[in-house]
Amino acid sequence: MRSMTLPILLGVLLSATAAWPQEVTGNLDGTILYAEGFPMAGIRVVVSGANLQGTREATTDERGRFFLLALPVGSYAVKIQHADFQEVALQDISVRLGKTASLGEIRLELKALEYNIVVSGERPVIDVTSTS
């Protein structure tokens, strides 16, 4: 009887480990910096891809770091956006099973500000009854 208990116990343990949940996602991270190398907080990072419904977003912390966790495995487009800086668009960023894909350090450049100045006015009305 004792010789049968060990194989049965071993079989139960092996089948239990096979039933544990499998990992099906990966992660994405990076650091956003000013052109001078200082970290930028509050920068919006938007990820889109065929494996996502819609988009996923993250915002950089005070160290300029962002993390997007539990992305389905696949290829993604990443946009880094802020009103005062040029948008950075990255294509074909690969997220692998159980891994963290790092974009490394990305430096943002200020936008060239463009202003349109429109001057408008009306001609003065000429008084035809006066000589002045």
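Keep in mind that this is a model prediction, so the values were computed, not measured.
- For Arg65, the CZ atom is densely surrounded, since the number of other residues' heavy atoms within 6.0 Å is greater than 12.
- Between Gly42 and His82, the closest heavy-atom pair is O-CD2, 4.2 Å.
- Residues passing the side-chain hydrogen bond (donor to acceptor under 3.5 Å, both in side chains) test with Ser102, sequence neighbours excluded: Asp29.
- As a member of the Ile/Leu/Val/Met/Phe/Trp/Tyr network built from side-chain separations under 4.5 Å, Leu28 groups with Ile32, Tyr34, Phe38, Met40, Ile43, Val45, Val47, Leu52, Phe66, Leu68, Leu71, Tyr76, Val78, Ile80, Phe85, Val88, Leu90, Ile93, Val95, Leu103, Ile106, Leu108, Leu110.
- A ring-ring contact (aromatic ring centres under 6.0 Å, His included) check over residues 87-111, counting only residues at least two apart or in different chains, returns nothing.
- For residues 40-55, every residue pair satisfying the side chain to side chain donor-acceptor pair (under 3.5 Å) rule, not counting sequence neighbours, is listed here: Arg44-Glu57, Arg44-Gln81.
- Qualifying side chain to side chain contact (heavy atoms under 4.5 Å, CB included) partners for Glu109, counting only residues two or more places apart in sequence or in other chains: Ala35, Gln86.
- Applying the salt bridge (Lys or Arg N to Asp or Glu O under 4.0 Å) criterion to Glu87, with sequence neighbours excluded, gives no partner residue.
- For Thr60, there are no side-chain hydrogen bond (donor to acceptor under 3.5 Å, both in side chains) partners at least two apart in sequence or on another chain.
- Considering CZ of Arg107 and OG1 of Thr31, their distance stands at 10.5 Å, rounded to 0.5 Å.
- Not counting sequence neighbours, Ser75 has no partner by the side-chain hydrogen bond (donor to acceptor under 3.5 Å, both in side chains) test.
- When all heavy atoms of Gly64 and Pro39 are compared, the closest pair comes out as N-CB, 3.8 Å.
- The local environment of NZ in Lys111 is crowded, with over 12 non-hydrogen atoms from other residues, nucleotides or ligands closer than 6.0 Å.
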